[in-house]
Amino acid sequence: MPTIRSNLNIPLTHLSRIEDDQMEAIEMDKRSATTFRPLCVKCGVFGAQDGSGYAEFGNTRVLAQIIGPDGDGKWEEDHAKITVTLKGLENEKQIAEYRAELMSSASSVIFINKYPGKVIEIEVTVLSDDGGVLSAALSAVTLALAHSGIEHMGLTASVHVGMRANEDYITDPSTSESADTLGGVTFAFVPNLSQTTCVSLYGRIPIEATKSLLEFAKQRAIAIVPVLHKAIVNSIKEKQ
Amino acid sequence: MSIISEHGFRLDGRRPAQIRNVNTRLGLNRNAEGSSYLEHGNTKVLCAVYGPYEGKASKRLEDRCAIVCQYSTTTFSGLERKNRPRGDRKSTEMSRLLEKAFESVILTESFPRSQIDIFCEVIQGDGSNLAACVNATSLALADAGIPMKGIASAATCGIVEGNPIVDLTSREETDLLPRVTLATICGRDEVVLVELHNRLHIDHLSVVMEAAKATCADVYECLAVVAQQHLKACAPILGN
Amino acid sequence: MEINLSDDEKLFLIAGVEADIRNDGRSCQDFRTIVLERGVLSGTNGSCRVQLGQTTDILTGIKLELESYDSATEKEAKQPMQFHVDFSANASSQFAGKGGDQYGEEISAAFQVAYSRSLDIMSNLSKTHLAEGYRWKINVDVSVLQWAGSIPDAISLAVIGALSDLEIPEVEVAPDDGGKVSIVLKRPRIGGNVRDEEVPVQMWRLDVQSCPLLLTISKIGTANLVDCSPEEECCIRSQLLIGIAKSVSTPGNDTYQTTCIKQLGGGLLEMESIENMIEMAQKTSIGLYEALAKRLKAEEKRKPGHSFLL
């Protein structure tokens, strides 16, 4: 079971980029193929604001904020417009890549027809990057959506899985652990409907192994659902 | 290396008053109203015209049509690779010049409250880029059937030791050689665009302008033939 | 380009596709006619133009750059290709100014991911690394001139065409003072009165047999399609961008690897659908690789002075 610390109330001053050597070294001799890094998820970080979520997997920390649905003088279509901005990564190409995936994933679950003429802005800030940024960002966005009250199809559970040769999988690898992998996949799926919203595979994976890699990723995503669920329930209790 | 050799030939073997081969093709782009592809030797330009259509409210004019031009070069068009295809100062200046020129050529009073978009893409730039764009745009407008006062033709001319040279290549467009780009309508005396680079002695001004006007008239002859041939090829479609 | 289809037209299209008949008569696995020409731009080191279905038009130019990097900071060899996709305003007026920048960045990022392991996939790419601290940087620039669906597929064909057309000069690396090296173009020694500058430099080409192909597989209704036209793109539920590379380990026995999968355009997919789409991508890529290899071998050298759009 992954270690959960989801009762934290994180003051804003503590949400800063922490260098690797300042963080307490968590000794993990040989992680088994199915354990996640120590993770912390929180739904509703800024109190009364529209919608915010925070996800931390090991040293990767991502914060998501949703502003809206607000009217915009210019947008007049019969459905909502979703914009995604991503900050905090150094590589421009990576920013463009992740932004496209986040946009695709968000627009597939939100019921945009229920908000005609409105604009929903999703701002994702990467506080520190140690592998698996996309899956942490997807988790943070889904928590922010739950907190904001925008109508959507359900919780999205996402996970990052790496694969070494011979079908040797590793769940949620950090940057140093992914150095010797052949490739990996970020897999996001909605358990309510049992359908995927994001499949992002990279590296060099033989085609026959792709199917089992995706199956394994789905199992790992199912394992993380109770954690996200608990975080959302806690945030509702706090509101009351 | 001197621009004109002692035998009176230029670097590519032309005489000072000779223009490069002009090759054109109209109607390539199926999405645009009118399109053209023009070559002046190695300078290759593609032009597309969209409109007249309703356009943006901010640019709308009550009594005439708004013209919007965009000049862009591909990153691989020049000798060195350019990072930004458009949006830098030089491209914006060229776009403004083209806009002002074609506002005088097109009969804008026929289309109040509409907008015409002109997009020029320089695929390979080997000198006289602006002149090639003007010529390509005139042909694209003719292909689109937009009423004009006449076909505008342009040429770039410089002067070396008192001898004017016409239709410059990129090797001749140096930082020391003064060059004038001139555009006229139908090869007559109506000037729509004048641009000067570097310093030109006042005594040489009339010489260069005369040479440029004569070249514009020559280029006009080529363009007029092309437009007529295109019309003859299209006439059977109109049922004549 | 704005395509507006009425609901009935969409239903007609979806029903037809589920019965394996598309609006223009193709089956779900057929591509439109592809025209590929190389060597079209004399100012670049390698170039290629691909026309898909007579409307989608892509022009690719490659320029080489000698890059010096700090060998102390970069321990691992970095792959030398940089991709840049630019949507020209000729394709659609929505791409004027910054309109096409976002979409272009997303596609360049997808190509960057698909080619990220190219040092392992392409056999002689490591020859671009010249000496400690120096390497050739291959700038692959793509310009989309006309747009009518299936952009990533056309771009991947154009990139492979341009890479096969690319000629990289051979160099001689000689040690210089200060611990640096001097790099000189290699010209073959020809005796006689010929001046050094007039002997053409020796060139070598990349081996493009196993370059990744990026295919867009779309889901309309319950069917999976390749190469969608703009009308079909209005009706898709979801799209997967799948990068497939061939690894030619033993002759006659090609194994395929996926280098990149991305889900684009919103929409939800079942696990089974994803597996079916990957299978379809593999089948299609076999056909495409064969056709591409045939064309690259058969194409004659372009005659100088002949332009490509005429």
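Neither the backbone nor the side chain of C:E279 comes within less than 4.5 Å of any heavy atom in chain A. Using a 4.5 Å cut-off between heavy atoms, C:I274 touches chain A through its side chain atoms alone. Contact annotation for C:I107: neither backbone nor side-chain heavy atoms come within less than 4.5 Å of a heavy atom of chain A. Proximity to chain C (any heavy atom under 4.5 Å) is shown, for A:S105, by neither the backbone nor the side chain. Proximity to chain A (any heavy atom under 4.5 Å) is restricted, for C:E275, to the side chain, taken from C-beta onward. Contact of C:E105 with chain A is made through backbone and side chain together, with heavy-atom distances under 4.5 Å. Heavy atoms closer than 4.5 Å to chain C are found nowhere in A:I95, neither backbone nor side chain. At a 4.5 Å heavy-atom cutoff, the contact between A:V190 and chain C is made by side-chain atoms alone.
Chosen from C:E270, C:Q282, C:R117, the residue pairing most often with chain A at heavy-atom distances under 4.5 Å is C:R117. Across C:I242, C:L269, C:L264, the residue that shares the most heavy-atom pairs under 4.5 angstrom with chain A is C:L269. Contact tally against chain C (heavy-atom pairs below 4.5 Å) for A:E215, A:M153, A:R99, A:E101: the top residue is A:R99.
Donor-acceptor pairing under 3.5 Å is lacking for the side chains of A:S158 and A:S135. Residues A:D130 and A:T60 have side chains that never bring a donor and an acceptor to within less than 3.5 angstrom of each other. Looking at A:R61 and A:S128, their side chains do bring a donor and an acceptor atom within 3.5 Å of each other.
The aromatic rings of C:F87 and C:Y103 sit parallel to each other, their planes meeting at less than 30°, with 60° as the upper class boundary. The aromatic rings of A:F187 and A:F189 lie tilted to each other, with the angle between the two planes from 30° to 60°.
Within a 6.0 Å sphere centred on CD of A:E92, other residues, nucleotides and ligands contribute 12 heavy atoms or fewer.
Note that NE2 of A:H152 is 8.0 Å distant from CD1 of A:I110, once rounded to the nearest 0.5 Å. Taking CD1 from A:I120 and NZ from A:K118, the interatomic distance works out to 10.0 Å, rounded to the nearest 0.5 Å.
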